[in-house]
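Quick notes on the structure that follows.
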Amino acid sequence: MKVSKIAYKPVGLALGMAGGAAAGALFKQTWKLLGHDEDAPDATDEDRSWREVLLAAMLQGAIFAVVKAAVDRAGATGVRNLTGTWPG
């Protein structure tokens with residue numbers, strides 16, 4: 001395993017945690033903007049419809065995937081700019 005790949009692990013972990021927090025906040029704001037309750041439904045929430053539960057899950061998954069890809073890509077690009085090598 002390359003040294004740059006090993007050295008990037010803690011950076012990637014920290015970026016992942018920050019990205020997860022950012023994605024959660026973005027999803028919460030998006031859910032509110034769509035005119036729904038403040039809290040998104042859980043899959044076992046008896047008072048919510050199938051449509052609302054599945055819409056929330058789809059939206060949350062899409063937001064998390066995009067934020068994760070953006071954070072991972074930005075982190076790898078930043079490491080390359082600092083060290084001259086791609087961490088992946």
Set of salt bridge (Lys or Arg N to Asp or Glu O under 4.0 Å) partners for [X], sequence neighbours left out:
{"X": "Asp72", "value": "Lys68"}
{"X": "Lys32", "value": "none"}
{"X": "Asp42", "value": "none"}

**OP:** Could you tell me which residues satisfy side-chain hydrogen bond (donor to acceptor under 3.5 Å, both in side chains) with Thr83, sequence neighbours excluded, listed by chain and number?
**Re:**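 Thr83: side-chain hydrogen bond (donor to acceptor under 3.5 Å, both in side chains) contacts with Thr85.
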
**OP:** For Thr77, enumerate each residue passing the side-chain hydrogen bond (donor to acceptor under 3.5 Å, both in side chains) test, keeping only those at least two apart in sequence or located in another chain.
**Re:**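 Per chain and number, Thr77 pairs via side-chain hydrogen bond (donor to acceptor under 3.5 Å, both in side chains) with no residue.
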
**OP:** Could you identify which residues cluster with Trp86, counting Ile, Leu, Val, Met, Phe, Trp and Tyr as linked when any side-chain heavy atoms lie under 4.5 Å apart, either directly or through a chain of such contacts?
**Re:**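 Listed partners: none, Trp86 stands alone.
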
**OP:** Give every residue pair that meets the salt bridge (charged side-chain N to carboxylate O under 4.0 Å, His left out) criterion with at least one member in residues 53-67, sequence neighbours excluded.
**Re:**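 For residues 53-67: none.
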
**OP:** May I have all residue pairs that pass salt bridge (charged side-chain N to carboxylate O under 4.0 Å, His left out) and include part of residues 50-65, sequence neighbours excluded?
**Re:**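 Only Arg48-Glu52 qualify under salt bridge (charged side-chain N to carboxylate O under 4.0 Å, His left out).
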
Subject >> Partners meeting side-chain contact (heavy atoms from CB on, under 4.5 Å) with Val71 (sequence neighbours left out) >> reply: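 Partners of Val71 by the side-chain contact (heavy atoms from CB on, under 4.5 Å) criterion, ordered by chain and then number, come out as Leu15, Val67.
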
Original post:
Who passes side-chain contact (heavy atoms from CB on, under 4.5 Å) against Ala56, sequence neighbours left out?
Top reply: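 Ala56: side-chain contact (heavy atoms from CB on, under 4.5 Å) contacts with Phe27, Trp31, Ala40, Pro41.
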
**OP:** Mind jotting down which residue pairs meet the side-chain hydrogen bond (donor to acceptor under 3.5 Å, both in side chains) criterion with at least one end in residues 12-30? Sequence neighbours excluded, please.
**Re:**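 Listed by first then second residue: nothing to list.
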
Subject >> Rounded distance (nearest 0.5 Å) linking atom CG of Leu13 with atom OH of Tyr8 >> reply: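 Here the interatomic distance stands at 10.5 Å.
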
